[in-house]
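Excluded from the calculations below are hydrogen atoms, water molecules and symmetry mates; all remaining heavy atoms, backbone and side chain alike, are included. This one's a predicted model, so the numbers in the text were calculated from it and none came from an experiment. In this chain, residues are counted from 1 in sequence order.
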Amino acid sequence: MSAPAITEADFQKQITDLAELYHWQYLHLRPAQTAKGWRTPVQGSLGVGWPDLILVRGDRLMAVELKAEGKSPTVEQYDVLGVLNRAGVEIHIWHPADFDEIQAELT
């Protein structure tokens, strides 16, 4: 019997807990429920596809897309990550199975 899959929300909590432990500052834009469903109020061409987390420590700036096992970023997410990468931002796509590598990256 295999362990239940971790949700993306629980995975994100693990990462933000690690970020705080290792003194990273972070940003996550949370959606809010409206009469039309869940929405994240953003404006501009980078709004759709914006990464789950922005992490900053010292001279390092990371844009991180978090995905459940077996899931991949959307076309829009890849596009935004590409724009940020070309601007010199370090980008990552992390899955729960990457946890040991993530921890090493954040230490």
Seminar exercise, completed: Residues Trp94 and Phe11: closest non-hydrogen pair is O-CE2, 3.4 Å

Problem set entry | Member of Val56, Leu106, Ile54 meeting the side chain to side chain contact (heavy atoms under 4.5 Å, CB included) criterion with Met62 | Leu106

Problem set entry | Test side-chain contact (heavy atoms from CB on, under 4.5 Å) applied to Val48 - qualifying residues, sequence neighbours left out | Glu76

Problem set entry | Asp52 side chain reached by Gln12 side chain, heavy atoms, under 4.5 Å | yes

For this session: Keeping to residues at least two apart or across chains, list the salt bridge (charged side-chain N to carboxylate O under 4.0 Å, His left out) pairs with something in residues 40-50.
Result: none

Problem set entry | Under 3.5 Å side-chain donor-acceptor pair for Glu65 and Tyr78 | no

Exercise. Between Ala19 and Leu55, what is the shortest heavy-atom contact and its length?
Worked result: CB-CD2, 3.9 Å

Exercise. Looking at residues at least two apart in the chain, or sitting in another chain, which of them share a side chain to side chain donor-acceptor pair (under 3.5 Å) with Asp79?
Worked result: none

Exercise. Which value, rounded to the nearest 0.5 Å, describes the distance between Glu105 atom CD and Asp98 atom CG?
Worked result: 11.0 Å

For this session: Would you give the length of the straight line joining atom CG of Leu18 to atom OH of Tyr26, rounded to the nearest 0.5 angstrom?
Result: 11.5 Å

For this session: Determine whether Ile15 and Leu53 make a side-chain contact, defined as any pair of heavy atoms from C-beta on separated by less than 4.5 Å.
Result: yes

Show me the donor-acceptor pairs within less than 3.5 Å that the side chains of residues 83-93 make with the rest of the protein, sequence neighbours left out.
| unit_1 | atom_1 | unit_2 | atom_2 | d |
| --- | --- | --- | --- | --- |
| Asn85 | ND2 | Val89 | O | 3.4 |
| Arg86 | NH1 | Gly82 | O | 3.3 |
| Glu90 | OE1 | Arg60 | NE | 3.2 |
| Glu90 | OE1 | Arg60 | NH2 | 3.3 |
| Glu90 | OE2 | Arg60 | NH2 | 2.5 |
| Glu90 | OE2 | His92 | NE2 | 2.9 |

Exercise. Who are the salt bridge (Lys or Arg N to Asp or Glu O under 4.0 Å) partners of Asp17, not counting sequence neighbours?
Worked result: Lys13

Problem set entry | Contacts of Arg57 that satisfy side-chain contact (heavy atoms from CB on, under 4.5 Å) - sequence neighbours left out | Tyr22, Trp24

